[in-house]
There are 2 protein chains.
Amino acid sequence: MASQGEALRADAQHNRDRILEVAREALSANPDASLNSIAKAAGVGAGTLYRHFPSREALILGVYHKEIRALVDLVPELLTKHPPLTAFRRWCDRLSHYGRIKHGLAEVLHAAMTDRDFNESYGPMVAAIDRLLRAGEASGDFAPGANAEDVLLVLGFLWRIAPGEAGEARVARLLDLVIRGLRAR
Amino acid sequence: MASQGEALRADAQHNRDRILEVAREALSANPDASLNSIAKAAGVGAGTLYRHFPSREALILGVYHKEIRALVDLVPELLTKHPPLTAFRRWCDRLSHYGRIKHGLAEVLHAAMTDRDFNESYGPMVAAIDRLLRAGEASGDFAPGANAEDVLLVLGFLWRIAPGEAGEARVARLLDLVIRGLRAR
DNA sequence: ACCTGAACACCGTTCAAGT
DNA sequence: ACCTGAACACCGTTCAAGT
């Protein structure tokens, strides 16, 4: 559950890593892969998987934890290299990329928005967006007062665009629309 | 599958209606209600449910067919009574209302967007939005060229807002954002 | 032409028994 | 402290047998 609260016993740590490794592969091949099948492929009993990840969401969150982290850490970097508006845009592009490759992330973030247990990854995500919004506000590009949780919610469309050819263009069009909506008049 | 292609035999028609009636109730109590349980509650064999609705999506679409139809039919009415911009706004409010009451509609519309079988309800939906957009374009309120499918896609956030107290305000804020994004500069 | 309902393979989840 | 894996109740889906 916790990424590593107190050190796990060596075998437990090994199992945890192995489960995440197998789950990543299995889930990206098929987002609906059964937990039993993942446990079996990882060579652990079903109970072991449940001990480490008490729900499907917890497992997915475990798998994509690094990606979420990377996304959050990207914000300060983008803000030093680019003006706020393009920083926001780049960040959304990156978010879109993750969302489309890592199926299931969307559902998890959605669950995280209601479930109070998952704040560990949802919180930083919202904070990251908040930084981008405030920066845009300070530069006068964005209208003041935009809410980071709201923006994350709208950005959900990024995960519902099929990865196909037209997808790229659609993402661009829709991000334009959202950014126009955020802009100062 | 078809709402009523060629007339069904009397008993079949009766079963179909009964299934829809029970499914509406069961799904609104619990969006994940099992198809077996719905069949049982409707007093029909599992196979009968599958004969009428070959997939869960088809069933949900059957259940909410009337609501979707009503939504589509609302557009011309709104456009005669209101200027385009408020017509759009009112329509979105209504869409939001349906989405939050009738759980599962969102997933179905999403599926409908990829699956080519469901155009029967997705098509008219897109056409309805298109009318609203064109009207706003003609009046000079909306920037030209907005894509109706894109707009339906963004509006997906409407279904992911919890029905709670803060929900109403959130819907309002987010619709403002989208409308600002659509506006002519 | 349509319906029934048992049957199949599989699911998530639990929990006694092991080490 | 942690793991195993059989067991439970249930799922979606099919299909022989009925009318």
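Atom set for the values below is all heavy atoms of this structure, side chains included, hydrogens, waters and symmetry mates excluded. Every chain is numbered from 1 and lettered A, B, ... according to where its sequence line falls, protein lines coming before strand lines.
Not counting sequence neighbours, Tyr50(B) has no partner by the ring pair (Phe, Tyr, Trp, His ring centres under 6.0 Å) test. Listed by chain and residue number, Gln13(B) satisfy the side chain to side chain contact (heavy atoms under 4.5 Å, CB included) test with Asp17(B) (two or more places apart in sequence, or in another chain). Residues passing the ring pair (Phe, Tyr, Trp, His ring centres under 6.0 Å) test with Phe157(A): none are found, sequence neighbours excluded.
Rounded to the nearest 0.5 angstrom, Leu152(A) CG and Arg160(B) CZ are separated by 9.0 Å.
Separating the CZ atom of Arg51(B) from the C1' atom of dC2(C) is a distance of 5 Å, rounded to the nearest angstrom. The CD1-P distance, from Ile19(B) to dC2(C), rounds to 13 Å in whole Å. Following rounding to the nearest Å, Asn15(B) (CG) and dA1(C) (C1') show an atom-to-atom distance of 13 Å.
Remark: aromatic rings of Tyr64(A) and Tyr98(A) are distant, center separation not under 6.0 Å.
For the OP1/OP2 pair of dC3(D) and a distance below 4.0 Å, the side-chain nitrogens and oxygens of His52(A) include at least one atom meeting the criterion.
Under the 3.5 Å distance criterion, with hydrogens and angles disregarded, a donor-acceptor pair is assigned to the side chains of Asp141(A) and Ser139(A).
The stretch residues 176-185 of chain B participates, sequence neighbours left out, in these salt bridge (charged side-chain N to carboxylate O under 4.0 Å, His left out) pairs: Arg89(B)-Asp176(B).
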For this session: Evaluate side-chain contact (heavy atoms from CB on, under 4.5 Å) for Leu85(A) paired with Phe142(A), printing each intermediate quantity in order.
Result: CA-CA 8 Å; Leu85(A) 220 141; Phe142(A) 287 158; 4.2 Å; yes
Problem set entry | Protein proximity profile, nucleotides 5-19 of chain D - base contact B, sugar-phosphate-only contact S, no contact -, cut-off 4.0 Å on heavy atoms | B-----SBBBB----
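DNA chain C forms stems at C:4-8 with D:12-16, C:12-16 with D:4-8, each a run of 3 or more consecutive Watson-Crick or G-U wobble pairs whose two key distances fall under 3.5 Å.
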